[in-house]
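Encoded as structure tokens, the structure appears first; notes follow it.
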Amino acid sequence: MATQAQQPPHLHLSELTAAQFIDIWKHFDADGNGYIEGKELENFFRELEGTRRGASVDPTHAVFKEKMREFMAKFDKNADGRIEMTELAQLLPTEENFLLCFREFVGSSAEFMAAWRRYDSDRSGYIESNELKGFLSDLLKKANRSYDEKKLNEYTKTILRMFDLNGDGKLGLSEMARLLPVQENFLLKFEGIRLTVKEFDSLFAYYDKDGNGYIDEQELDALLKDLCDKNKMDVDSTGKVGYKKSIMALSDGGKLYRTELEIVLCRDSAL
């Protein structure tokens, strides 16, 4: 049994603050890859069961393994065998739950991409701390949550702790997209695609048929179809329409320039 100093923080609490939620997340996501999986997952479930029952549990026992299977069936929404932050948010009673608050503000990946474009004001491909503060301020207003400047600064730091996986003080698109519910995070579908800058440049040039420097909706249609087919992505026509709508939300009046598409397919795809 772990010593008191090694105990996971706050699991015993009936209600968590956002900062406490992050303490728990970072404790169990030991390798910092954005998921609780493998041994981390077993440790999390063992500690959770122990906290709820008030006694230690044996992870080798058949009953424990069955309960863990039931737990994953309920909370692992995309059935990938691991828990991500939005899934954990459904499980733990969090008072200041940014993730659920965010869902009231942005309910779909298309809305998320439109919000991203609005707050990535310098078109750097990242939302930096000052841009994030404006984003959260709007989020809280739309969700009818009261806050003051001190609280807003605290929320901004907490979101950076949540999603700034490489510690550079800014959030890339795929980092920020972890705010979305799993089924809405279309970027997860592109995780297996790793385009180098050279590959991306060739791709963009090929589908920019008229050479006008941007891709329109029809050209994006062809690009997505070929990309999904080439990478054997299991996506139906409805899914492709959704992807196209989400990506076009980044466009400037229907014109998708190199920088915007690069954020989705190249620059941030490895995060």
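Heavy atoms only: backbone and side chains are in, while hydrogens, waters and symmetry mates are out.
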What's the spacing between Asp120 CG and Leu173 CG if we round to 0.5 Å?
-> 9.0 Å

Would a 4.5 Å heavy-atom cut-off, applied to side chains only, mark Glu219 and Asp208 as touching?
-> yes

With sequence neighbours left out, the residues meeting side-chain contact (heavy atoms from CB on, under 4.5 Å) with Lys245 are Ala110

Look up atom CD in Glu154 and atom CD in Glu149, then write down how far apart they are to the nearest 0.5 Å.
-> 12.5 Å

Return the set of residues passing salt bridge (charged side-chain N to carboxylate O under 4.0 Å, His left out) with Asp221 (not counting sequence neighbours), or none when no residue passes.
-> Lys244

Backbone of Glu128 reached by a side-chain donor or acceptor of Glu131 within 3.5 Å = yes

Roughly how far, to the nearest 0.5 Å, is CG of Asp216 from CE of Met248?
-> 7.0 Å

Side chain of Arg117, backbone of Ser251: donor and acceptor closer than 3.5 Å?
-> yes

Given side chains that start at C-beta, do those of Leu265 and Leu223 come closer than 4.5 Å, heavy atoms only?
-> yes

Taking side chain as C-beta onward, heavy atoms only, is Val264 less than 4.5 Å from Met113?
-> yes

Quick one: does Asn43's side chain get under 4.5 Å of Arg46's, heavy atoms only?
-> yes

Closest heavy-atom pair, Glu37 versus Arg82, reported as atoms and distance to 0.1 Å, is OE1-CD, 3.3 Å

Should Ile83 and Met72 count as side-chain neighbours, where that means a heavy-atom distance under 4.5 Å?
-> yes

Check salt bridge (charged side-chain N to carboxylate O under 4.0 Å, His left out) between Lys225 and all other residues, then give those that pass, not counting sequence neighbours.
-> Asp229

By side chain to side chain donor-acceptor pair (under 3.5 Å) - contacts of Lys157 (at least two apart) | none

Determine whether Glu40 and Tyr35 make a side-chain contact, defined as any pair of heavy atoms from C-beta on separated by less than 4.5 Å.
-> no

Taking salt bridge (charged side-chain N to carboxylate O under 4.0 Å, His left out) as the test, write out the residues that go with Asp226, two or more places apart.
-> none

Got a sec, which residues hit ring-ring contact (aromatic ring centres under 6.0 Å, His included) with Tyr206, two or more places apart in sequence or on another chain?
-> none

What residues form a side-chain contact (heavy atoms from CB on, under 4.5 Å) with Lys150, not counting sequence neighbours?
-> Asp148

Hey, could you give me the CG/CG distance between Leu250 and Leu261, rounded to the nearest 0.5 Å?
-> 9.0 Å

Does Tyr257 sit in a hydrophobic cluster with other residues, and if so which ones, taking ILVMFWY side chains as linked at heavy-atom separations under 4.5 Å, directly or through other members?
-> Tyr214

Glu66 meets the side-chain contact (heavy atoms from CB on, under 4.5 Å) criterion, sequence neighbours left out, with Arg69, Glu70

Mind checking what makes side chain to side chain donor-acceptor pair (under 3.5 Å) contact with Asn153, not counting sequence neighbours?
-> Lys133

Distance from Thr196 atom OG1 to Asp201 atom CG, nearest 0.5 Å?
-> 8.0 Å

With sequence neighbours excluded, residues passing side-chain contact (heavy atoms from CB on, under 4.5 Å) with Ser129 = Leu160

CZ on Phe135 to CG on Leu171, rounded to 0.5 Å = 9.5 Å

Which word best sums up how the rings of Phe45 and Phe71 line up, parallel for under 30°, tilted for 30 to 60°, or perpendicular for over 60°?
-> tilted

Phe200 and Arg258: CA distance, side-chain angles, deciding distance, side-chain contact (heavy atoms from CB on, under 4.5 Å) verdict | CA-CA 9 Å; Phe200 175 79; Arg258 184 183 302 267; 3.5 Å; yes

Asp210: what forms a side chain to side chain donor-acceptor pair (under 3.5 Å) with it, not counting sequence neighbours?
-> Asn212

Within a strict 4.5 Å, meaning less than it, do heavy atoms of the Ile215 and Phe204 side chains meet?
-> yes

Nearest heavy-atom approach of Ala114 to Ala249 is N-CB, 3.8 Å

Mind checking whether Leu132 and Tyr119 have side chains closer than 4.5 Å, heavy atoms only?
-> no

